[in-house]
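Notes to accompany the following structure.
Atoms within a ligand are numbered from 1 in the order they appear, just like the ligands themselves. Numbers for residues simply follow the sequence, beginning at 1. Predicted model only: the values in this text are computed from it and were never measured.
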Amino acid sequence: MSDESSFISHLQVFATHPAARGLTDDAASLTLGGRTLILTHDVIVENVHFLPSDPPEDIGWKLVAVNLSDLAAEGAKPSGALMAYNLSGDTEWDRRFAEGFGVALARFQCPLIGGDTVRAPLGSARQFGMTALGEAENSPGRSGAAPGDDLWVSGTLGDAGAGLRIARGEISGPQELVEAYRRPTPQLELGQRLAPMVSAMMDISDGLLIDAKRLAEASGVAAIVESIDVPLSEALVGLMGDSRETSVAAATSGDDYELLFTAPRRSRRAIETVAEELNARIQCIGLVEQGEGLKFQEGGRPLPLPQSLGWAH
Ligand SMILES: Nc1ncnc2c1ncn2[C@@H]1O[C@H](COP(=O)(O)OP(=O)(O)O)[C@@H](O)[C@H]1O
Ligand SMILES: Cc1ncc(C[n+]2csc(CCOP(=O)(O)OP(=O)(O)O)c2C)c(N)n1
Ligand SMILES: [Mg+2]
């Protein structure tokens with residue numbers, strides 16, 4: 001068990017309010033006066049979530065995107081954001097961060113409604129927090145996947161993981177992949193449209209395989225992921241080749257901020273129609289079976305699970 005999951009399990013003992021959903025979901029779901037408020041909070045830290053060399057505008061954008069991605073997973077429409085800022089000691093850097101933060105809020109129609117600003121000790125790692133609030137009529141959660149359901153994913157995977165390696169100077173490759181790392185897009189519209197059709201949904205922040213395993217655990221089922229069906233962008237295939245290694249890297253690198261969801265087979269057509277209407281890419285990458293845990297396969301033949309299924313703090 002990672003330090004993160006072990007710490008969350010200490011909190012789960014007393015987070016018994018129904019809104020907490022056992023701390024197993026992407027966001028809290030608080031019913032107030034007959035309406036459902038979806039709440040989430042994510043922090044991003046220098047050298048953990050972003051690089052010191054990333055443009056400050058992109059870091060501001062990323063803080064918004066990673067939080068709104070949790071709202072997307074719950075099918076919620078953003079209602080507002082609260083932001084926690086640590087002054088960096090460099091006023092131009094702070095201004096540029098605010099600019100990117102504002103551009104992202106405007107793009108996803110999420111008003112800034114408050115927050116807090118402090119000065120951190122000189123030389124400490126930059127870190128920023130945001131609370132996002134949203135409203136949802138249906139918020140699927142992770143626990144409803146049923147045997148026989150299809151397992152779907154939006155977008156392409158692995159672009160951000162490769163982009164991070166490029167940004168770090170480990171490999172050279174197209175700027176498009178670096179952009180995927182620095183400027184993820186939360187799938188808000190897709191999440192809102194899919195929410196009434198899916199049996200479970202979450203966002204993939206840590207990696208497809210680790211997150212599919214979490215979804216399966218929360219639903220008490222087994223998830224089967226077909227490596228050949230892991231959606232890869234042309235840019236990624238151009239750089240890394242269309243190999244098993246590329247698919248495994250794409251399924252475990254994280255930072256994708258795409259949606260992972262399950263739905264009964266009879267909903268296939270309706271799901272594809274929504275994706276077509278939104279011009280969004282979606283791909284069926286496996287299925288849900290009776291049992292437990294995660295199974296990885298290639299062309300139907302079992303593959304050993306990679307040593308690391310994704311990111312864990
Ligand atoms: N420090 C904390 N206090 C309360 N709840 C927490 C804390 N850290 C994580 N959680 C909860 O644990 C669950 C898993 O967290 P996390 O993996 O960060 O979710 P996500 O990937 O959706 O952001 C979520 O329900 C989150 O709200
Ligand atoms: C500099 C840097 N190193 C490594 C990574 C890879 N990485 C860090 S955190 C993370 C997972 C997502 O972050 P987390 O805090 O787990 O977000 P949450 O699941 O709470 O949304 C990944 C893939 C990165 N994004 N940047
Ligand atoms: Mg989180």
Side-chain angles (χ1 to χ4, degrees), residues 1-30 38-54 58-59 61-74 76 84 125-134 139-143 157-170 177-178 180-184 186-187 191 200-215 217-218 249-260 308-313:
M1 199 188 246
S2 67
D3 291 349
E4 181 187 11
S5 357
S6 141
F7 182 68
I8 292 174
S9 66
H10 293 312
L11 304 177
Q12 277 165 337
V13 174
F14 57 87
T16 51
H17 192 283
R21 300 157 122 184
L23 302 185
T24 58
D25 252 304
D26 288 85
S29 172
L30 187 64
I38 305 294
L39 300 125
T40 184
H41 181 93
D42 266 322
V43 176
I44 58 171
V45 182
E46 184 175 59
N47 283 320
V48 177
H49 299 86
F50 60 87
L51 293 166
S53 55
D54 287 339
D58 290 350
I59 300 167
W61 171 287
K62 186 177 264 189
L63 180 61
V64 173
V66 302
N67 275 281
L68 297 189
S69 179
D70 282 330
L71 293 189
E74 299 300 342
R126 290 184 164 104
Q127 72 170 60
F128 311 103
M130 178 174 140
T131 300
L133 297 83
S139 70
R142 297 181 184 175
S143 61
L157 304 183
D159 298 324
L164 171 59
R165 295 186 60 199
I166 299 167
R168 273 198 175 126
E170 291 170 13
L177 297 176
V178 178
Y181 168 68
R182 290 181 174 160
R183 290 214 170 215
Q187 297 300 320
M201 185 154 67
M202 66 184 296
D203 76 331
I204 309 179
S205 49
D206 294 338
L208 168 66
L209 294 186
I210 198 167
D211 285 330
K213 186 167 180 239
R214 288 174 180 150
L215 190 147
E217 275 165 7
T252 54
S253 54
D255 281 326
D256 299 303
Y257 299 101
E258 293 293 344
L259 295 174
L260 176 68
S308 162
L309 298 181
W311 181 273
H313 291 285

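- Looking at Ile210, Thr252, Asp206, it is Asp206 that brings a heavy atom closest to atom 16 (O) of ligand 2.
- Only the side chain of Asp42 comes within 4.0 Å of ligand 2, counting heavy atoms alone; its backbone N, CA, C and O stay farther away.
- The side chain to side chain contact (heavy atoms under 4.5 Å, CB included) with Leu71 is formed by just one residue from the set Leu133, Ile38, Leu39; it is Ile38.
- With a 4.0 Å cut-off on non-hydrogen atoms, Arg21 does not touch ligand 1 at all.
- Heavy-atom proximity to Tyr257, at under 4.0 Å, picks out these atoms of ligand 2: 12 (C).
- Around atom 13 (O) of ligand 2, the closest heavy atom drawn from Glu46, Glu4, His41, His49 belongs to His49.
- Residue Tyr181 touches ligand 2 through its side chain alone, judged by heavy-atom distances below 4.0 Å.
- Between Arg142 and ligand 1 there is a heavy-atom distance shorter than 4.0 Å.
- For ligand 2, the polar-atom distance check finds an N/O of Arg168 within less than 3.5 Å of one of the ligand's N/O atoms.
- Near Leu11, with a cut-off below 4.0 Å to any heavy atom, the atoms of ligand 1 are 1 (N), 2 (C), 3 (N), 4 (C), 7 (C).
- At least one heavy atom of His313 sits less than 4.0 Å from an atom of ligand 2.
- Shown in contact with Asn47 at under 4.0 Å from a heavy atom are these atoms of ligand 2, numbered in order with element: 1 (C).
- Each of the following atoms of ligand 1 lies closer than 4.0 Å to a heavy atom of Asp25: 13 (C), 24 (C), 25 (O).
- Where the criterion is an N or O separation shorter than 3.5 Å, residue side chain and backbone included, Arg214 fails it with respect to ligand 1.
- Side chains of Ser139 and Arg21: a donor-acceptor N/O pair is present below 3.5 angstrom, by distance only.
- Near Asp26, with a cut-off below 4.0 Å to any heavy atom, the atoms of ligand 1 are 22 (O).
- Evaluated for a side chain to side chain donor-acceptor pair (under 3.5 Å) with Asp54, the options Arg182, Lys62, His49 yield exactly one hit, Arg182.
- Residue contact check for ligand 2: Leu164 places a non-hydrogen atom closer than 4.0 Å to it.
- Atom numbering of ligand 1 starts at 1 in the shown order; those under 4.0 Å from a heavy atom of Asp42 are 23 (O).
- Short contacts between ligand 1 and Leu23, defined as distances under 4.0 Å to a heavy atom of the residue, involve ligand atoms 5 (N), 12 (O), 13 (C), 25 (O).
- Within ligand 1, counting atoms from 1 as listed, the ones closer than 4.0 Å to a heavy atom of Ile8 are 9 (C), 12 (O), 14 (C), 15 (O).
- In summary, the atoms of ligand 1 found under 4.0 Å from a heavy atom of Glu4, numbered by their order in the structure, are 17 (O).
- Met202 does not count as a contact of ligand 1, since none of its heavy atoms falls under 4.0 Å from the ligand.
- Counting heavy atoms from C-beta on, the side chains of Arg214 and Asp206 come closer than 4.5 Å.
- Residue-to-ligand polar distances keep Asp70 apart from ligand 2: every N/O pair is separated by 3.5 Å or more.
- The proximity of Ser253 to ligand 2, defined as any non-hydrogen pair under 4.0 Å, is limited to the backbone.
- Ligand-side atoms of ligand 1 in range of Ser205: 21 (O), range being under 4.0 angstrom from any heavy atom.
- Considering only heavy atoms from C-beta on, Leu63 stays 4.5 Å or farther from Phe50 through its side chain.
- Per-residue contacts place Phe50 under 4.0 angstrom from the following atoms of ligand 2 (heavy atoms of the residue considered): 1 (C), 26 (N).
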